[in-house]
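The next block holds one structure in the form of C-alpha cells; read it before the comments.
All values derive from a computational prediction rather than experimental measurement.
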Amino acid sequence: MARPFRFGVNLLTLESAEAWREKCRRAEQLGYDVLLVPDHLGNPAPFPALATAAEVTERPRLGTFVLNAGLWNPALLAREVATCDALTGGRLELGLGAGYVKAEHDSAGLPFGSPRERVGHLVHTVAELERLLADAEHRPRPVQAPRPPLLLGGNGDRLLRLAARHAEIAAFTGAVQAPGKPEGTLQLISPEALEERVRAFRSFAAEAAEPGAAGSAGAAGGDTAELNYLIQMVGPTGDRRAKVRELAAYAPDLTEDQLLEHPALLLGDAKEMAAQLRAHRERYGFSYFTVLEHNMDAFAPVIEQLHGS
C-alpha cells in the first residue's frame, strides 16, 4: 500500500510575534501536517520559532528543514533538540543537512570546507546526537525516545547512505551545484536522474538492513522510510505547457517535458496538481511534500484534494 500523504510548509519570514503566531494558526487551519523552519541567516532562528508555533497549534508536527550542521556544535545542538522536543510536547522532527551556502559560513566566521568535509561533520553530528540523546543521564531529556524522528536531506551517495542508516525521513534535493556558479547556486537534475537517486537510496537501505550493519535503532529503512521532496513552485494555471515555457530559462538543461514531470514544479489546477503528486508517489515513492511559505495558500486546495489518501 502507498504511504499516506503528508504536507509541510517551510515558514521563512518573521514580521512580529503576533504575525508569526497567526501564520502558524492559519497553516494548521489550511491542513498542513508539519510546520517547518529552515536554518539560514536572515530567517527566524528555528528552535524558538518552533516552540512558539507549538503554543498556538495542536495538530501539526514541527520541524527544522533543514539545520545546517556546519553551524552547530553537536553537544549544544543536543541540548536545543531535547529542549525543543520537551517544549513542543514531543512534536519535533529534526531535519539536518550538510549546508551549501558558503556566504553564510563566511558571515558567521565559520569554515565552509569541501563537500567531503561538510558531509563528514554531518556524519559526526548525527553520531553524537544519537549518543547524547540516548544517554539516560543527558539533561534535558527529549519527550520522544530515543530521539525525535530524524530527516536527512541531500543528493550525493554519502549523504543518502547516511540517511539510509539513520533517518526515518529521507529528503531529496533533486538539485546539484551549478557548474561555474557561486557556491550555493543549485540547478535541477532531470527526473530520470532523480529516479536514480531514489534507487540508490533504496540500495543503501538494503545494505543497512543486512545483519551486522551499523545504523540507528530508530531508522525506518529504505522500504519503510518516508521520502520527502521540496516543491519549489506552485503555479495555478490553465495552460501547464505555456507556464513551463516561462520557466525554461531557469533550467536550460531540461526539456519542456522533463520540467512538466519534475516534482520541483507543481502546475495546473488543484485536480491536476493532485494527480501530479499521486504520479510522483507512484514513480519515486515521495509521499511527504513540502512547499515554501509564499506557496502556502496556493497549495491548500491540493491538500483538500488529497486529504486522507
Side-chain angles (χ1 to χ4, degrees), residues 5-69 71-72 76-97 99 101 103-104 107-108 140-144 148-151 153 169 171 228-236 266 270 273 288-308:
F5 285 112
R6 276 206 310 164
F7 302 109
V9 56
N10 215 18
L11 301 176
L12 309 173
T13 59
L14 174 62
E15 295 83 10
S16 69
E18 186 48 43
W20 178 260
R21 293 185 177 98
E22 179 54 34
K23 180 162 48 184
C24 295
R25 293 187 194 101
R26 176 159 177 75
E28 180 175 32
Q29 292 166 358
L30 291 174
Y32 285 93
D33 301 293
V34 195
L35 308 186
L36 300 156
V37 180
D39 189 22
H40 292 295
L41 297 182
N43 292 128
F47 292 115
L50 293 173
T52 301
E55 293 175 355
V56 296
T57 62
E58 295 181 359
R59 181 184 52 81
R61 301 282 289 174
L62 305 151
T64 57
F65 196 83
V66 294
L67 292 184
N68 177 352
L71 302 181
W72 293 90
L76 300 181
L77 179 56
R79 180 181 67 174
E80 295 284 334
V81 169
T83 300
C84 191
D85 195 46
L87 292 177
T88 61
R91 292 158 63 188
L92 181 66
E93 296 183 359
L94 178 62
L96 288 171
V101 184
E104 293 185 345
S107 295
R141 297 296 305 145
V143 172
Q144 300 175 91
L150 181 62
L151 175 151
I169 308 164
N228 169 276
Y229 197 84
L230 171 62
I231 300 168
Q232 298 290 338
M233 178 181 181
V234 178
L266 195 59
M273 292 183 191
Y288 173 15
F289 289 93
T290 303
V291 299
L292 300 171
E293 179 182 321
H294 63 269
N295 291 320
M296 184 169 77
D297 289 313
F299 188 69
V302 184
I303 297 176
E304 292 182 14
Q305 290 283 328
L306 294 173
H307 180 72

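Between Leu11 atom CG and Leu36 atom CG the span is 7.5 Å, to the nearest 0.5 Å. Here Leu92 contributes atom CG and Leu94 contributes atom CG; the two are 6.0 Å apart, rounded to the nearest 0.5 Å. A distance of 5.5 Å separates CG in Leu62 from OG1 in Thr88, rounded to the nearest 0.5 Å. Atom CZ in Phe7 sits 10.5 Å away from atom NE2 in His307 (nearest 0.5 Å). Expressed to the nearest 0.5 Å, how far OH of Tyr32 lies from OG1 of Thr57 amounts to 15.0 Å.
Here the side chains of Leu35 and Val9 are in contact, with some heavy-atom distance below 4.5 Å. Within the 4.5 Å cutoff, the side chain of Asp297 has heavy atoms near those of the Arg26 side chain. Phe65 has its side chain within reach of Asn228: a pair of non-hydrogen atoms, C-beta onward, lies under 4.5 Å apart. Residues Leu96 and Trp72 have side chains not in contact (no heavy-atom distance under 4.5 Å, counting atoms from C-beta outward). Between Val34 and Tyr288, some side-chain heavy-atom pair lies under the 4.5 Å cut-off. For the pair Thr83/Phe47, no side-chain contact is recorded, criterion being any heavy-atom separation below 4.5 Å from C-beta on. Here the side chains of Val302 and Val291 are not in contact, with every heavy-atom distance at 4.5 Å or above. In this structure the side chain of Ile303 never reaches within 4.5 angstrom of the side chain of Leu30, judged on heavy atoms.
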Exercise. Given Leu50 and Arg91, is the side-chain contact (heavy atoms from CB on, under 4.5 Å) satisfied, shown in steps?
Worked result: CA-CA 10 Å; Leu50 293 173; Arg91 292 158 63 188; over 6 Å; no
Exercise. Which is it for Val66 and Leu151 under the side-chain contact (heavy atoms from CB on, under 4.5 Å) test, yes or no, and what are the steps along the way?
Worked result: CA-CA 8 Å; Val66 294; Leu151 175 151; 3.5 Å; yes
For this session: Could you walk me through whether Leu266 and Phe289 pass the side-chain contact (heavy atoms from CB on, under 4.5 Å) test, one step at a time?
Result: CA-CA 11 Å; Leu266 195 59; Phe289 289 93; over 6 Å; no
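Shortest non-hydrogen contact noted between Ala53 and Trp20 is N-NE1, 4.1 Å. Here the shortest heavy-atom pairing between Pro301 and Ala270 reads CB-CB, 3.8 Å. The shortest heavy-atom contact between Val143 and Asp85 is N-OD2, 2.8 Å. Taking all atoms of both residues into account, the shortest heavy-atom contact from Pro44 to Leu12 is CD-O, 3.2 Å. Nearest approach of Arg61 to Gly90, heavy atoms of both residues: NH1-O, 2.9 Å. Nearest approach of Pro60 to Glu28, heavy atoms of both residues: CD-OE2, 3.2 Å.
More than 12 heavy-atom neighbours from other residues, nucleotides or ligands sit within 6.0 angstrom of CZ on Arg141.
Residues satisfying the salt bridge (Lys or Arg N to Asp or Glu O under 4.0 Å) test with Glu18, not counting sequence neighbours, are Arg25.
Evaluation of the side-chain hydrogen bond (donor to acceptor under 3.5 Å, both in side chains) test over residues 6-17, restricted to residues two or more places apart or in two chains, returns Arg6-Glu93, Arg6-Glu226, Thr13-Glu15, Thr13-Lys23, Thr13-Glu293. Sorted by first and then second residue, the pairs that involve residues 32-53 and meet salt bridge (charged side-chain N to carboxylate O under 4.0 Å, His left out), not counting sequence neighbours, are Asp33-Arg59.
Distance alone, capped at 3.5 Å, is enough to place a donor-acceptor pair between the Thr64 side chain and the Gly95 backbone.
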